[in-house]
Amino acid sequence: MLQVPFIRDNKAAVIAGLAKRHFDAKDLVEQVIVLDDERRALQTKLDNTLAESNAMSKEIGNLYKSGKAAQANQLKEKTSALKETSKAFGDHLNTCLEKLQNLLYQLPNVPHDSVPAGKSEEDNEEIFNEGSIPELYAGAEPHWELAKKYDIIDFELGNKIAGAGFPVYKGKGARLQRALIAYFLDKNIAAGYTEYQLPLLVNEASCYGTGQLPDKEGQMYHDAQDNLYLIPTAEVPGTNIFRDVLLNEAELPVSITGYTPCFRREAGSYGAHVRGLNRLHQFDKVEIIRVEHPDHSYKAFDGMIEHVKGILRELKLPFRILRLCGGDTGFPAAMTYDFEVFSTAQDRWLEISSVSNFETYQANRLKLRFKNSAGKNELAHTLNGSSLALPRVLAGILENYQTEKGIEIPEILVPYTGFSIID
RNA sequence: GGAGAGUUGGCAGAGUGGUCGAAUGCGGUAGUCUUGAAAACUAUUGAGGGUCAUACCUCCAGGGGUUCGAAUCCCUUACUCUCCGCCA
């Protein structure tokens with residue numbers, strides 16, 4: 001959520017920044033300012049009324065104490081009118097605040113200066129490309145065929161047990177998956193991240209904290225009985241660790257990592273592009289999350305990019321990095337880089353990681369602050385990224401490492417899998 | 001699931017109707033002392049709104065109520081703890 005004083009002071013910049021998302025913020029921004037003016041005026045009126053009745057109450061108390069009950073009773077009669085006016089101002093103020101809140105929820109984060117304008121994924125900038133795309137043998141197949149051929153992922157069985165989008169991994173498929181999780185976590189820990197095991201169900205407040213609510217209500221699985229949501233990403237429980245937290249400056253930066261399954265309803269997305277492992281209702285992901293001093297958050301961002309690069313290099317997968325344009329950058333993010341692995345047999349790029357700096361947008365909702373060197377409480381910056389999303393890495397390995405003899409296991413993973421080929 | 005107890009500032013923990021935004025301790029900050037540090041001592045230290053700055057207002061888990069006046073009484077929701085039941 002953007003801060004109102006920031007919007008007031010940087011009105012033109014906010015509108016221009018959001019234009020890069022093809023988001024016309026002009027009316028919203030105007031409304032925010034008008035409502036905020038109204039809010040202030042009402043607050044002042046309410047405060048004055050309350051001050052008056054506070055003074056009166058004090059006087060009544062004093063009169064009683066000094067035995068002047070008759071005078072006190074006389075004063076009491078005057079309080080009812082004050083009560084009514086303060087109630088009216090209070091109600092008015094509340095509706096005003098509610099409206100303001102709603103407006104603020106509608107404003108996405110202002111993109112960083114370096115973010116290109118653009119409408120959709122076609123306007124994203126490729127800023128990095130590494131690894132050669134392997135020449136596959138004549139009979140090379142997409143991963144869903146390979147999965148069947150080597151009996152490592154059973155989509156039909158998942159359909160039977162749960163439904164589409166819930167694959168069953170078995171044998172070496174399951175073991176490879178587990179190896180990847182362990183490898184990613186070890187890499188993250190070696191880079192200074194602390195491992196967490198987090199709840200997979202979260203409450204409403206946490207969903208508001210990271211912005212899944214109110215915007216993305218229908219995209220999460222919801223247990224109505226207990227009013228809990230299945231997490232769509234570890235970002236939700238991981239970042240909400242810091243909801244309503246005041247850190248000391250010396251405690252920054254905070255770096256955490258965690259493996260969790262992720263659950264997404266993905267309502268309405270079917271078809272060829274979601275075949276196999278491309279899009280699932282349940283998938284595994286290892287996430288990295290950082291809380292940073294505002295002065296260092298972009299340095300941390302670069303560090304996260306390098307870190308993910310390092311993992312993909314070790315896996316020897318061909319990948320590229322995209323700087324997302326304004327239109328494709330997620331609602332709460334100021335800047336996002338996507339990592340994509342080339343899926344040889346499908347002849348397309350698959351997103352496997354997304355690293356974002358939210359600056360203070362999430363922190364403002366979360367009330368995540370730190371005491372700065374001047375002794376003032378200041379909003380921290382939050383960042384997160386995947387390292388990595390499992391199914392598409394798996395798809396990338398299956399497709400890029402397939403040979404006539406079977407699927408080779410990237411060397412770095414062999415100590416984790418305990419086998420070097422799936423055949 | 002049943003019964004009971006609790007939720008107070010960065011943390012711990014007093015406070016049961018009127019100078020309580022809240023004792024005390026820890027922690028933080030500044031200073032004295034010290035070559036420097038530690039210890040000790042002294043001072044200072046909750047958050048938000050509002051103002052040029054004051055004034056002033058709000059906040060003692062969330063919401064509602066009683067009262068001239070609520071951290072304190074009542075209702076309600078959430079959470080925590082203890083006991084019983086159930087259970088990997």
Side-chain angles (χ1 to χ4, degrees), chain A residues 1-9 32-101 103-104 197-209 213-214 222-229 237 240-252 254 291 293 360 363-380:
Chain A
M1 203 158 53
L2 297 174
Q3 300 168 85
V4 176
F6 177 82
I7 297 174
R8 296 193 82 105
D9 295 344
V32 164
I33 292 172
V34 167
L35 265 178
D36 189 51
D37 286 336
E38 194 182 334
R39 190 212 100 227
R40 284 196 212 187
L42 281 166
Q43 186 77 61
T44 307
K45 285 183 193 169
L46 175 64
D47 287 357
N48 291 338
T49 315
L50 287 173
E52 207 176 322
S53 66
N54 284 349
M56 214 174 264
S57 291
K58 215 168 250 180
E59 205 181 330
I60 289 170
N62 288 334
L63 286 172
Y64 273 124
K65 255 183 219 163
S66 50
K68 297 174 184 162
Q71 242 174 299
N73 286 332
Q74 216 171 5
L75 252 187
K76 266 197 204 178
E77 284 165 31
K78 288 193 196 166
T79 58
S80 64
L82 277 177
K83 261 185 160 180
E84 268 172 47
T85 36
S86 65
K87 174 130 178 44
F89 284 139
D91 289 349
H92 200 162
L93 181 64
N94 280 336
T95 51
C96 186
L97 284 170
E98 219 170 280
K99 275 192 219 164
L100 190 57
Q101 186 68 248
L103 290 181
L104 292 171
Q197 284 202 17
L198 296 158
L200 306 183
L201 281 89
V202 293
N203 59 28
E204 214 174 48
S206 292
C207 295
Y208 276 99
L213 291 177
H222 180 216
D223 167 21
Q225 204 163 6
D226 293 311
N227 197 22
L228 293 169
Y229 292 83
N240 273 283
I241 292 172
F242 304 101
R243 173 154 48 85
D244 293 317
V245 164
L246 180 60
L247 295 163
N248 288 319
E249 190 167 5
E251 293 176 82
L252 295 174
V254 181
V291 179
H293 189 288
T360 60
N364 190 29
R365 273 200 199 181
L366 291 163
K367 291 210 200 76
L368 163 53
R369 298 163 303 167
F370 68 97
K371 203 166 270 298
N372 66 22
S373 46
K376 285 270 186 188
N377 296 333
E378 188 178 338
L379 291 173

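Lettering of chains follows the sequences in order, A, B, ..., and the numbering in each one begins at 1. The figures that follow rest on heavy atoms only: side chains count, while hydrogens, waters and symmetry mates do not. This is a predicted model, so every value here is computed, not measured.
- Spacing between atom CD of E378(A) and atom C1' of rG10(B) amounts to 17 Å, rounded to whole angstrom units.
- The base of rG49(B) sits with one of its N or O atoms less than 3.5 Å from a complementary donor or acceptor on the side chain of D47(A).
- Between the CG atom of D91(A) and the C1' atom of rG64(B) there is a distance of 13 Å, rounded to whole Å.
- Classified by interplanar angle (parallel below 30°, tilted 30° to 60°, perpendicular above 60°), the ring pair Y229(A)/H222(A) is parallel.
- Comparing rG49(B), rG48(B), rU51(B) against the side chain of Q43(A) picks out rG49(B) as the nearest.
- No contact: T44(A) has no heavy atom under 4.0 Å from any strand.
- Considering only side-chain atoms of N377(A), the nucleotide from rG49(B), rU67(B), rG48(B) that sits closest is rG48(B).
- In terms of phosphate contacts, N203(A) brings no side-chain nitrogen or oxygen within less than 4.0 Å of OP1 or OP2 of rA78(B).
- With a cut-off of 3.5 Å on both Watson-Crick or G-U wobble distances, the partner of rU72(B) is given as none.
- Note: NZ (K367(A)) to C1' (rC59(B)) measures 11 Å, nearest angstrom.
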Determine, step by step, whether V32(A) and L2(A) satisfy the side-chain contact (heavy atoms from CB on, under 4.5 Å) criterion, reporting the C-alpha distance in whole Å, the side-chain angles of both residues, the deciding distance to 0.1 Å, and the verdict. CA-CA 11 Å; V32(A) 164; L2(A) 297 174; over 6 Å; no
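- Proximity note for A51(A) (side chain, C-beta onward) versus rC56(B), rG50(B), rC68(B): the nearest is rC56(B).
- Across all strands shown, rG46(B) forms a Watson-Crick or G-U wobble pair, both distances under 3.5 Å, with rC59(B).
- Nucleic acid contact for K371(A): sugar-phosphate only, since backbone atoms but no base atoms lie under 4.0 Å from a heavy atom of the residue.
- rC11(B) atom P lies 11 Å from atom CG of N248(A), rounded to whole Å.
- If you take CG of N54(A) and C1' of rC59(B), they are 14 Å apart, rounded to a whole angstrom.
- Taken to the nearest 0.5 Å, the CG atom of N372(A) stands 11.0 Å off from the CG atom of N248(A).
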Could you go through the salt bridge (charged side-chain N to carboxylate O under 4.0 Å, His left out) check for D37(A) and R40(A) one step at a time? CA-CA 5 Å; D37(A) 286 336; R40(A) 284 196 212 187; 5.0 Å; no
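- The environment of CD in Q74(A) is sparse: at most 12 heavy-atom neighbours from other residues, nucleotides or ligands sit within 6.0 Å.
- Among the atoms of the strands shown, none is found under 4.0 Å from any heavy atom of L75(A).
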